[in-house]
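Reminder, nothing fancy here: chain letters follow the sequence lines and each chain counts from 1.
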Protein chains: 2
Amino acid sequence: MSGAPIDSFKALAHPTRFAVLQSLIGKERNVGEIEEATGIAQPGLSQQLAVLRNSRLVTTRRDAKLVYYSLNTELFVDLAAILAQFGPVDDANIPPAVKRRFTTGVATFARMG
Amino acid sequence: MSGAPIDSFKALAHPTRFAVLQSLIGKERNVGEIEEATGIAQPGLSQQLAVLRNSRLVTTRRDAKLVYYSLNTELFVDLAAILAQFGPVDDANIPPAVKRRFTTGVATFARMG
DNA sequence: AATCAATTAATGAAATTATGTATATGTATT
DNA sequence: AATACATATACATAATTTCATTAATTGATT
């Protein structure tokens with residue numbers, strides 16, 4: 001057993017996958033573009049993309065032959081909310097979107113032992 | 001090579017280490033207390049604590065025979081700031097403390113390709 | 001010196017990851 | 001329907017990491 005958010009953290013805590021995610025900030029890219037941006041050979045890249053897909057850090061969209069990847073920005077907000085729980089209690093540090101998540105219960109799991 | 005924040009993410013993306021971190025939210029604990037809270041045998045726990053120390057997610061303080069662990073809350077703010085970069089561009093999602101980090105440059109590395 | 005809390009070292013088994021090659025799938029083109 | 005292209009999956013194997021134990025070590029206290 002491992003827990004969904006732990007899997008997400010594990011998925012992003014990886015040099016090449018992190019580089020892939022960085023290449024997707026602000027723009028979607030197809031696999032070929034990611035391959036070019038990161039220099040990882042196709043089958044290996046496809047594996048790493050599968051890890052990112054399974055952890056739901058990215059979403060895909062197909063346009064004809066090409067598959068476009070983009071960040072699941074919602075999930076990143078959730079993950080940031082979880083990490084914020086380990087930060088200072090100082091209310092100024094709790095972001096609006098994160099605060100929303102607290103009351104919505106998304107990050108609640110991390111408060112339970 | 002791996003990068004400091006990636007190492008931090010990797011360190012926390014681990015079921016027992018994450019449990020240790022959770023047990024430290026809001027209060028410091030000595031090793032014996034953590035051992036009791038998590039049920040991990042002592043030498044193994046000490047190893048996991050070493051990982052957390054090396055990634056600077058926790059700090060320690062010695063009081064006589066006991067070593068007390070607490071969260072490095074500052075670092076968690078930084079990590080949250082890094083993840084926020086992968087979130088929606090919507091300004092409402094960017095927390096004050098995180099915004100401060102942006103202008104301070106702490107999270108800048110993640111913007112570079 | 002004896003004891004206690006914690007860390008480090010050392011070991012071997014088990015699991016994960018990386019890499020390369022080959023194959024399969026889905027779509028488009030002819 | 002055959003071919004080509006982009007991407008995904010399957011496999012095999014080598015390399016690395018992780019895990020759990022046991023043992024030894026350090027630092028502080030009595």
**OP:** Specify the residues of residues 58-73 of chain B, ordered by number, for which at least one heavy atom lies under 4.0 angstrom from an atom of DNA chain C.
**Re:** B:Lys65, B:Leu66, B:Val67, B:Tyr69

Original post:
Are there more than 12 heavy atoms of other residues, nucleotides or ligands under 6.0 Å from atom CZ of A:Arg56?
Top reply: no

**OP:** Remember a base hit wins even if backbone is also touched, and classify A:Arg17 as base, sugar-phosphate or nothing at under 4.0 Å, heavy atoms.
**Re:** nothing

Original post:
Does D:dC19 have OP1 or OP2 sitting under 4.0 Å from an N or O in the side chain of B:His14?
Top reply: yes

Original post:
Are A:Ser70 and A:Thr59 close enough that some pair of their side-chain heavy atoms sits under 4.5 Å apart?
Top reply: yes

Original post:
Atom CD of B:Glu36 and atom P of C:dA6: how far apart are they, to the nearest Å?
Top reply: 12 Å

**OP:** Round to a whole Å and report the spacing from CD1 of A:Ile40 to C1' of C:dG20.
**Re:** 15 Å

**OP:** Could you state the atom-to-atom distance from CD of A:Glu33 to C1' of D:dC5 in whole Å?
**Re:** 16 Å

Original post:
What is the nucleic acid contact for A:Gln48, judged by heavy atoms within less than 4.0 Å: base, sugar-phosphate only, or nothing?
Top reply: sugar-phosphate

Original post:
Is it the case that one hydrophobic cluster holds both A:Ile82 and B:Ile25, taking links as side-chain heavy atoms less than 4.5 Å apart, direct or via other members?
Top reply: yes

Original post:
Only one of A:Leu71, A:Leu12, A:Asn72 forms a side chain to side chain contact (heavy atoms under 4.5 Å, CB included) with A:Leu57, so which one is it?
Top reply: A:Leu12

Original post:
Which sits closer to the 5' end of DNA chain C, B:Pro43 or A:Gln42, going by the nucleotide each is nearest to?
Top reply: B:Pro43

**OP:** With the side chain counted from C-beta on, respond yes when A:Leu49 and A:Val58 share a heavy-atom pair under 4.5 Å apart, and no when they do not.
**Re:** no

**OP:** Assign A:Gly32 to base, sugar-phosphate, or nothing according to its heavy-atom contacts below 4.0 angstrom with the strands shown.
**Re:** sugar-phosphate

Original post:
Which whole-number value in Å describes the distance from B:Arg29 CZ to C:dA5 C1'?
Top reply: 17 Å

Original post:
Expressed in angstrom and rounded to an integer, what is the separation of B:Asn30 atom CG from D:dG27 atom C1'?
Top reply: 16 Å

Subject >> Residue of the set B:Gln47, B:Gln48, B:Gln22 for which side chain to side chain contact (heavy atoms under 4.5 Å, CB included) holds with B:Arg17 >> reply: B:Gln48

**OP:** For B:Asp7 and D:dT17, give me the distance from atom CG to atom P, rounded to whole Å.
**Re:** 12 Å

Original post:
Just how far, in rounded Å, is P of C:dA5 from CD of B:Gln47?
Top reply: 20 Å

**OP:** Anything under 30° is parallel, anything over 60° is perpendicular, the rest tilted; go ahead and classify B:Phe76 against A:Phe86.
**Re:** parallel

Original post:
Whole-Å distance between C:dA6 C1' and B:Glu35 CD?
Top reply: 10 Å

